[in-house]
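Every heavy atom of this structure was used, including side-chain atoms; hydrogens, water molecules and symmetry mates were not. Below, chain A is the first sequence line, B the second, and so on; all start at residue 1. Keep in mind that this is a model prediction, so the values were computed, not measured.
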Number of protein chains: 2
Amino acid sequence: MNIVIVEDHPLVVQGLVSVLTLECDFEIKGVCSNTLEGIELIRTKHPDIVLIDLRLGKESGLDIIRAVKELNIDSKFIILTSSVSYLDFMMAEELGAEGYVLKESLPEELIYAIRVVGRGRKYYDPELLDYKLKKDENNYNDKLTSREWEVLRKLSLGLNNQQIANKLFISENTVKKHMSQILAKLGLHDRTQAALYVKNLEIVKH
Amino acid sequence: MNIVIVEDHPLVVQGLVSVLTLECDFEIKGVCSNTLEGIELIRTKHPDIVLIDLRLGKESGLDIIRAVKELNIDSKFIILTSSVSYLDFMMAEELGAEGYVLKESLPEELIYAIRVVGRGRKYYDPELLDYKLKKDENNYNDKLTSREWEVLRKLSLGLNNQQIANKLFISENTVKKHMSQILAKLGLHDRTQAALYVKNLEIVKH
DNA sequence: CGGGCAATACTACTTAAGTAGTATTAGAGG
DNA sequence: CCTCTAATACTACTTAAGTAGTATTGCCCG
């Protein structure tokens, strides 16, 4: 099982190496800490498994997956991250990552995930998977409409309902209606959380 | 140099152990992954240095520092975190942490920090320190008191007043008082704007 | 020692936010 | 043509947020 690691925290790399080299059927073919090097490593080594951190400084590990999938290389990706953000998980899954393991999980779980994914199946963190199933059941997962995004964007500028209403030339009542809808769809409790949600989305995109 | 590690990511612990045991004058006296065990470990082992992660699942490593300082144990604390948030750094410094090292720094930097702090001096991540000096010069940001920053930090997690009160063990009335004060000092109108303000501060360091 | 400030807490009040339910209109699509 | 949905708007209600003013405690500093 050939493995490539893309991870920008040296201590985590150290931990990964010392854990994975104990498994005699694992071989680490390369380590790097940014997206460009990562893509190059995968293109030249054709590893079975790529362990990849979502947040690489200012970059995102998702960009590597996107790029590699387009090159028709069939390496499997296991996301290794400390983010418990459901949004991150959702995006990784949609991009076709075969695995998603949290850094706070035990090394055994990671090793298990590598073997499972190596056999062509998928392994996602159980807690996040549960959460997804619950969301799907309750159909909370609806995406926001374009108008709701507009309201949300105004909110993320720090405007109150009246100001949003003026900007969009609608009544405050309608803004409230949209706002309720937004909170329900995103599973949030108030506008402050919604504003933070948008801000976090913006950070991920960078 | 006796060391205790409080860290909830097993892989990082693995990395730390394999890096620190190479230094023959370092000895790891204990490892744990939550605040209660951490305080107990420090109380019984009296280590010279405590390496401590800021984010321990839902808990905060800062609580350990606060508790230990009250017990009059003179262990030195080095924060080891992946947070590049200036606010986290500021709060750690105010609480009396002797060191602040980012997980994305090289092991050599951590080892250097441990030796420096062991000799009774302080070691803070140079980039964060630069940022602080610049802020202090321009007198931008010393408006809020440390308690107000704590309230603001909780707010930026999306908590409401009652939840903030519970976290900080004070009444909701007091939180409201702080919140009014914060909004007045920052020249903002509501908590959503305050949350966005914090989020923008955090982005500054990216 | 006394002054000032930070932190705590309270009451009482006002306003913004959010929920629930209903209704109308316009447009997209089977 | 009919159905479904998004967008608009309203009322009525409940709760969270924010303001104003007062008071106490503890601490640091000149």
Mind calculating the distance between [atom1] ([X]) and [atom2] ([N]) to the nearest angstrom?
X: Gln181(B); N: dG21(D); atom1: CD; atom2: P; value: 13 Å
X: Asp190(A); N: dA17(D); atom1: CG; atom2: P; value: 7 Å
X: Ile182(B); N: dT19(D); atom1: CD1; atom2: P; value: 11 Å
X: Glu172(B); N: dT11(C); atom1: CD; atom2: P; value: 12 Å
X: Leu183(B); N: dT15(C); atom1: CG; atom2: P; value: 17 Å
X: Trp149(B); N: dA7(C); atom1: CH2; atom2: P; value: 13 Å
X: Leu168(B); N: dA7(C); atom1: CG; atom2: C1'; value: 12 Å
X: Lys176(B); N: dT14(C); atom1: NZ; atom2: P; value: 14 Å

Checking [X] side chain against [Y] main chain: does a donor-acceptor pair fall under 3.5 Å?
X: Ser82(A); Y: Lys103(A); value: no
X: Gln193(A); Y: Gly158(B); value: yes
X: Glu148(A); Y: Ile182(A); value: no

Just verifying a value: how many Å separate Ile111(A) CD1 and Arg115(A) CZ, rounded to the nearest 0.5 Å?
7.0 Å

According to the interplanar angle, ranging from 0 to 90°, do the rings of Tyr197(B) and Trp149(B) count as parallel (below 30°), tilted (30 to 60°) or perpendicular (above 60°)?
parallel

Enumerate the protein-to-nucleotides 5-7 of chain D contacts in which both atoms are nitrogen or oxygen and the separation is below 3.5 Å.
from, atom 1, to, atom 2, distance (Å)
dA7(D), OP1, Arg147(A), N, 3.1
dA7(D), OP2, Thr145(A), OG1, 2.5

Are Glu37(A) and Asn34(A) linked by a side-chain donor-acceptor pair shorter than 3.5 Å?
yes

Looking only at side chains, do Thr192(B) and Thr192(A) share a donor and an acceptor under 3.5 Å apart?
yes

At less than 4.0 Å, is any side-chain N or O atom of [X] found next to OP1 or OP2 of [N]? Yes or no.
X: Asn161(B); N: dA16(D); value: no
X: Ser171(B); N: dA9(C); value: yes
X: Ser180(B); N: dG18(D); value: no
X: Asn160(A); N: dA16(C); value: no

5'-most by nearest nucleotide on DNA chain C - Gln162(A) or Lys177(A):
Gln162(A)

Could you please name the option among dC10(C), dG18(D), dG18(C) that lies closest to any side-chain atom of Asn173(B)?
dC10(C)

